[in-house]
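Side-chain atoms are counted along with the backbone in the values below, which use heavy atoms only and exclude waters and symmetry mates. So you know, we letter chains A, B, ... as the sequences are listed, proteins then strands, and number each from 1. Since the structure is predicted, the reported quantities are computational estimates derived from the model, not experimental observations.
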2 protein chains.
Amino acid sequence: MTGQTNAERGREVRARLLTAAQELIGELGWNGVSTRILAERAEVRPGLVHYHFESLQALLRQATTEAMRPMLDDMAALLASVPNPADAVESLMAEIDRYTGTDPASLLFIEAYLAATRDPILRGQMGELVTRLRAALTEALSASGHPSPEEAAIVVMAVIDGFLLHKGLDPRLSAIRLAPMLRHLTDPNGARS
Amino acid sequence: MTGQTNAERGREVRARLLTAAQELIGELGWNGVSTRILAERAEVRPGLVHYHFESLQALLRQATTEAMRPMLDDMAALLASVPNPADAVESLMAEIDRYTGTDPASLLFIEAYLAATRDPILRGQMGELVTRLRAALTEALSASGHPSPEEAAIVVMAVIDGFLLHKGLDPRLSAIRLAPMLRHLTDPNGARS
DNA sequence: GCTAGGGTTGGTCATTCGTCCAAGACGATC
DNA sequence: GATCGTCTTGGACGAATGACCAACCCTAGC
């Protein structure tokens with residue numbers, strides 16, 4: 001049918017399985033994703049799962065990190081594109097309002113945090129990603145003259161994930177409404193004791 | 001052996017199953033708790049699970065709300081016991097440092113948020129509990145003259161859960177270090193734009 | 001003393017699970 | 001056009017799952 005080579009089809013199956021996993025982790029939960037459901041969503045035979053991946057856990061791990069990395073990289077890029085990190089945080093909050101807290105993308109992140117507490121390998125990979133973004137935010141806050149950049153970075157990152165958690169329970173919550181408070185927190189002139 | 005009446009033993013079995021569920025949800029994840037593992041932890045025969053509870057989901061729901069309610073009530077009581085809500089928030093942050101983010105108690109909460117996005121009944125019950133605490137915090141902040149009490153309450157609650165999420169990834173994180181920032185956020189004199 | 005009813009037991013039911021594997025299919029290389 | 005390596009298929013394996021049930025135990029109340 002299509003002029004695909006043998007190896008190309010293999011790569012595509014890999015990709016389909018990974019994106020299917022990214023969707024299903026959010027929809028069914030980390031432990032709710034089975035090899036057969038995964039294969040069905042990817043429109044692939046169940047046997048292929050263990051041909052392309054060492055185990056189901058390994059597949060879920062890879063799907064998670066491959067979903068998180070570009071997202072966090074985008075945030076870091078946003079941070080580097082504006083002179084004042086407080087502006088980056090504000091546009092980040094606006095971005096967050098496009099998620100409901102019950103969509104697969106949001107839930108994938110939360111599920112990943114939980115799975116990381118039970119999977120040392122995943123914990124290492126995620127820890128590196130998250131720590132790197134937090135370090136970038138700390139750096140930016142420090143450069144803008146913030147008196148306690150590391151603490152502010154921790155708070156901002158905690159607010160983002162915690163807010164999504166709560167928005168899943170109450171969809172009426174709005175992130176952009178919190179922007180003034182966070183600006184206050186991240187602005188060098190506002191966070192003095 | 002013991003002078004237990006028939007109904008007393010039934011009540012005890014119920015209680016044992018509920019506390020076992022509270023432990024296991026955090027240890028294995030919401031979907032990782034099975035009737036047999038649950039019964040084993042509670043030192044009870046597997047058949048009793050479906051005698052005392054309508055379904056496994058119903059058991060997990062009840063275990064979750066019964067664990068959350070006293071915890072949130074304690075927070076509300078702490079809030080009511082001091083004149084300045086900023087003081088309550090600070091001692092709350094000190095309390096949080098007693099959790100590692102990987103202990104069953106912390107993880108039970110996070111798992112519950114996730115499960116609530118897939119179980120409308122649980123969502124309703126948890127939503128009520130969380131909304132009530134947030135309302136109490138909003139009220140207290142408002143009474144202390146905070147310019148935007150609701151937003152500050154949302155941020156504080158998000159920070160708490162989000163911080164636990166991140167602490168699971170990086171145990172070195174310290175909550176009490178964030179106290180000055182949150183005091184700034186919750187103090188009526190510090191949060192003016 | 002006897003009976004009614006809540007509590008308990010041990011087991012069964014059909015499904016689903018993760019993992020594995022022999023056999024076949026396919027495209028690239030010589 | 002034969003051969004090689006990669007990819008794919010369909011099925012199998014033992015183990016675990018949620019739910020259910022008839023039979024049994026025990027105590028409270030008559």
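- Atom P of nucleotide D/dT17 and atom CG of B/Leu28 are separated by 10 Å, given to the nearest angstrom.
- Put simply, the side chain of A/Thr65 reaches to within 4.5 Å of the side chain of A/Leu122, judged on heavy atoms.
- When rounded to the nearest whole Å, the span between CZ of A/Arg11 and P of D/dT8 equals 12 Å.
- Look at CG on A/Leu48: it is 15 Å from P on C/dC20, rounded to the nearest Å.
- Distance B/Gln57 CD to D/dT17 P: 15 Å, rounded to the nearest Å.
- For B/Phe53 and C/dT8, the CZ to P distance is 12 Å, given to the nearest whole Å.
- Taking only side-chain nitrogens and oxygens, A/His50 never comes nearer than 4.0 Å to OP1 or OP2 of C/dC20.
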Criterion salt bridge (charged side-chain N to carboxylate O under 4.0 Å, His left out) on A/Glu150 and B/Arg177, from CA distance to verdict: CA-CA 10 Å; A/Glu150 191 168 4; B/Arg177 270 181 57 198; 3.5 Å; yes
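- Between A/Tyr51 atom OH and D/dC7 atom P there is a gap of 4 Å when expressed in whole angstrom units.
- Note: A/Asp103 CG to A/Arg98 CZ = 10.5 Å, rounded to the nearest 0.5 Å.
- Both A/Met71 and A/Met157 are part of a single hydrophobic cluster, where members link through side-chain heavy atoms under 4.5 Å apart.
- Following rounding to the nearest Å, B/Arg9 (CZ) and D/dC26 (P) show an atom-to-atom distance of 9 Å.
- Contact check for B/Leu78 versus B/Ser91: side-chain heavy atoms found under the 4.5 Å cut-off.
- Checking the phosphate oxygens (OP1, OP2) of D/dG10, a side-chain nitrogen or oxygen of A/Arg45 falls inside 4.0 Å.
- Contact annotation: A/His52 reaches the phosphate of D/dT8 (side-chain N/O to OP1 or OP2, under 4.0 Å).
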Filtered N/O pairs between nucleotides 11-17 of chain C and protein, under 3.5 Å:
unit_1, atom_1, unit_2, atom_2, d
C/dC17, OP1, A/Ser34, OG, 2.8

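- Between the C1' atom of D/dT17 and the CD atom of B/Glu40 lies a distance of 15 Å, rounded to the nearest Å.
- Side-chain contact between A/Glu90 and A/Leu182 is absent, with no heavy atoms from C-beta onward closer than 4.5 Å.
- In this pair, B/His166 and A/Tyr113 present their aromatic rings tilted. The plane angle is within the 30 to 60° band.
- Among the heavy atoms of the strands lying under 4.0 Å from B/Val13 are primed sugar atoms or P, OP1, OP2 only; no base atom is included.
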